Amino acid sequence: MRSEYCGALNASFIDQEVTLCGWVDRRRDHGGVIFIDLRDRDGIVQVVFDPDTKENFELADKVRGEYVLQVTGKVRARDAATVNTNMATGEIEVYGTALEILNEAETTPFPLSEHSSVGEDVRLKYRYLDLRRNEMQKSLQFRSKVTIAIRNYLDENGFLDIETPILTRATPEGARDYLVPSRTHENKFFALPQSPQLFKQLLMVSGFDRYYQIAKCFRDEDLRADRQPEFTQIDIETSFMDEEGIMGITEGMIKKLFNDLMSVDLGEFPRMDYATAIAKYGSDKPDMRIPLELVDVKDLMLGVDFKVFSGPAKDPKGRVTALKVPGGNDKLTRKQIDDYTKFVSIYGAKGLAYIKVNDKADLENGLQSPIVKFLPNDVRSAILDRLEADNGDLIFFGADKANIVTEALGALRCKLGEDLDLYTCEWAPLWVVDFPMFEEASDGSMQALHHPFTAPSCSPDELKANPATALSRAYDMVLNGTELGGGSVRIHNQNMQQAVFEILGISAEEQREKFGFLLDALKYGAPPHGGLAFGLDRLIMLMIGAASIRDVIAFPKTQSAACVMTDAPGAVDATQLKELHIRLRQKEQKEKPAEQ
């Protein structure tokens, strides 16, 4: 029905006859000449109808916004005075010689050109209209190009695209499972996969040494801007390749994506160990565009007469850290400092101490802060020296349990970078490596930092002797403070797997119940293997600079994990529930107070 896409037209088409199909973006009547901006997935072009073609002109006069049209006409150059530099097709227009209204449209719930003033719930309810907008069209077209490029790259490197089950069994992977009741197996449930983790390991045991899948994953957890209950993962697993090989081949994929689709050279990806990332940047996914670093001053505060500092300094699990903002005295007002105090409270910090360095040579009067009076001159001098502070600098302090200080000042560092526009470059890639194998739970027990199939970088005996200090063979790819993907070399040896289960306190019975099929497979010649998974939605959100992950997904859920367009989740009738052997629990009715 069409010869060209609207957005594809340019000066090279002048004097050619074209047939276009699309939606009416805008209609204008200028003194007897009707202008229609016709829109399709490629863009917009101006179509002109005048009274010389009476029948088409009268039809064009009936056209309204979002009508679906087929237009035939001749491409011609616009007058120099009417060239629209804001349109890709602004040098030309189509003189309409034939018009057919393929479908009419009611007035839309919101003007597509004014979407930004409409609540997101309204946009999501009428998502099929929201998706007509040029920004959303371009977003999903770009997403398609990314997935094609990924498939081509992995195919060229010998990876096989293999699907894994969606209906599987529940396994503990850090979030709640979505459960699916079985009609044919009474009182039993499938689970939707949080990731294809166990199946891709089984594929390695099966001899498919290079696997990938652009896989749907499901997690029943609280949402935020870069998280959805169902999301897409670029899942990669390979055998007979160590972490260096896996990191190398996946780094090559990301670099090629940016280079081919965005003409961006990411360069080499530096390496940083987890301990350094936490110590200097307060995050295991540091934004390296921001030139601010945390500096520990715990040892300097041990003897000060200020319990806010000395308490955490003496606590083995405490941390006292400083963050210098060069030139911060002039950049930040007292109100802004107070606002940052409220900001860090989100992360559990009880306050945010600071020192303004007015004259570092005058330790008595050159430092401005409510806390200076509690710090002896030798401590003041040592702080300035350690932070290499200069006149005009502002120093923030965090003192509390280590995890609170780390999270609060790490977040403050990123907040300052954004608010003060401290970014030193556009793109800053990074590999974070040498993660701990375990972390301490609130009850003092050990839990896996990633998952119980991550291989440690030591022997089983060394692992059991010093589990708290053991490092894993895990790695995360970070870009601009966002974790693009993470993975690890897996455990393929039964003795090592049992050592990990022993440390985690997973009994033999629980092992059989949750992981029996994988443990059985490891008995039959499992090869050394490992992999990595990227969040596709998050990657694309970062590449196009979208504010929310919902802007790169065709039909996303809301913050409450609902679809307002289809009204899902919804009620199910009694017959279906009976077939699934499910009875709904009635809401408890509150007793009405007795009448007086």
Side-chain angles (χ1 to χ4, degrees), residues 115-116 118-131 133 135-147 150 163-168 170-180 190-197 199-200 212-236 254 257 284-285 450-451 476-487 532-570:
H115 70 281
S116 59
V118 179
E120 189 179 46
D121 279 359
V122 176
R123 289 174 51 204
L124 292 180
K125 181 175 177 62
Y126 300 97
R127 186 63 162 182
Y128 42 83
L129 297 178
D130 191 46
L131 288 174
R133 294 190 298 107
E135 295 92 336
M136 294 304 302
Q137 292 274 320
K138 297 302 182 188
S139 171
L140 294 185
Q141 287 176 35
F142 184 82
R143 183 186 178 111
S144 177
K145 290 178 181 177
V146 170
T147 57
I150 288 168
E163 295 179 349
T164 54
I166 293 296
L167 293 176
T168 180
T171 56
E173 294 189 45
R176 296 184 194 90
D177 288 309
Y178 277 102
L179 300 178
V180 181
F190 293 105
L192 304 183
Q194 294 184 34
S195 78
Q197 179 64 48
F199 286 104
K200 65 184 178 184
Y212 86 93
Q213 181 183 185
I214 298 181
K216 274 290 186 183
C217 303
F218 307 85
R219 293 180 185 177
D220 185 5
E221 58 186 350
D222 296 333
L223 307 185
R224 57 177 185 247
D226 61 348
R227 184 173 289 171
Q228 282 278 295
E230 54 178 311
F231 58 96
T232 307
Q233 188 167 286
I234 309 164
D235 205 48
I236 299 171
I254 296 299
L257 281 179
D284 60 0
K285 48 182 183 293
H450 287 92
H451 54 67
D476 281 357
M477 182 187 289
V478 176
L479 184 62
N480 293 2
T482 297
E483 180 193 330
L484 288 187
L532 188 147
F534 292 98
L536 177 64
D537 313 299
R538 191 178 299 175
L539 170 63
I540 295 170
M541 180 180 78
L542 191 64
M543 293 178 81
I544 68 171
S548 166
I549 201 169
R550 291 186 291 279
D551 292 336
V552 301
I553 299 173
F555 299 103
K557 303 294 188 292
T558 64
Q559 286 288 94
S560 60
C563 175
V564 292
M565 183 182 71
T566 61
D567 199 23

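Below, all heavy atoms of this structure are taken into account, side chains as well, without hydrogens, waters or symmetry copies. Note that this is a predicted model, so its numbers are computed, not measured.
By the 4.5 Å heavy-atom criterion applied to side chains, R219 and Q194 are counted as neighbours. Proximity of I166 to F190: side-chain heavy atoms (C-beta onward) are nowhere separated by under 4.5 Å. You'll find the side chain of F199 stays beyond 4.5 Å of the side chain of Q197, heavy atoms only. With contacts defined as side-chain heavy-atom distances shorter than 4.5 Å, the pair M543/F142 qualifies. Side-chain contact between L536 and F534: absent, with no pair of heavy atoms (C-beta onward) separated by less than 4.5 Å. For the pair I254/M477, a side-chain contact is recorded, criterion being any heavy-atom separation below 4.5 Å from C-beta on. Between L131 and F555, the closest side-chain pair of non-hydrogen atoms falls below 4.5 Å. Considering only heavy atoms from C-beta on, P229 stays 4.5 Å or farther from E221 through its side chain.
Side-chain atoms of T147 come within 3.5 Å of backbone atoms of S144 as a donor-acceptor pair (strictly under, hydrogens ignored). Counting only distance, with no hydrogens or angles, the side chain of T168 and the backbone of A191 share no donor-acceptor pair below 3.5 Å. No donor-acceptor distance shorter than 3.5 angstrom exists from the side chain of T482 to the backbone of L484, with no hydrogens or angles considered.
Distance CD/E483 to CG/L542: 12.5 Å, rounded to 0.5 Å. The distance from the CG atom of D551 to the CD1 atom of I544 is 7.0 Å, given to the nearest 0.5 Å. Here the CD1 atom belonging to I150 is positioned 14.5 Å from the NZ atom belonging to K145, to the nearest 0.5 angstrom. Expressed to the nearest 0.5 Å, how far CD of Q559 lies from CZ of R227 amounts to 11.0 Å.
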- [ ] Let me see the working for L257 and L539 under side chain to side chain contact (heavy atoms under 4.5 Å, CB included), right down to the final yes or no.
- [x] CA-CA 10 Å; L257 281 179; L539 170 63; 4.0 Å; yes
Task: Step-by-step side chain to side chain contact (heavy atoms under 4.5 Å, CB included) determination, V564 to V122 - done: CA-CA 8 Å; V564 292; V122 176; over 6 Å; no
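Smallest separation of non-hydrogen atoms from L124 and R550: CD1-CD, 4.3 Å. Across all non-hydrogen atoms, the minimal contact from C217 to P196 is SG-CD, 4.1 Å. The two atoms that bring M136 and R127 nearest to each other are CE-NH2, 3.3 Å, heavy atoms only. Heavy-atom minimum distance, D177 versus D220: O-CB, 4.2 Å. Annotation for F218 and F231: closest pair N-CE2, 4.2 Å, computed over non-hydrogen atoms.
For R143, the side-chain hydrogen bond (donor to acceptor under 3.5 Å, both in side chains) criterion is met by T232, D537, not counting sequence neighbours. A search for side-chain hydrogen bond (donor to acceptor under 3.5 Å, both in side chains) contacts involving T164 returns Q213, not counting sequence neighbours. Contacts of D284 classified as salt bridge (Lys or Arg N to Asp or Glu O under 4.0 Å), with partners at least two apart in sequence or in another chain: none.
Comment: K285 does not engage D476 in a salt bridge, judged by the lack of any side-chain N to carboxylate O separation of less than 4.0 angstrom.
Q228 and R538 share no side-chain donor-acceptor pair at under 3.5 Å.
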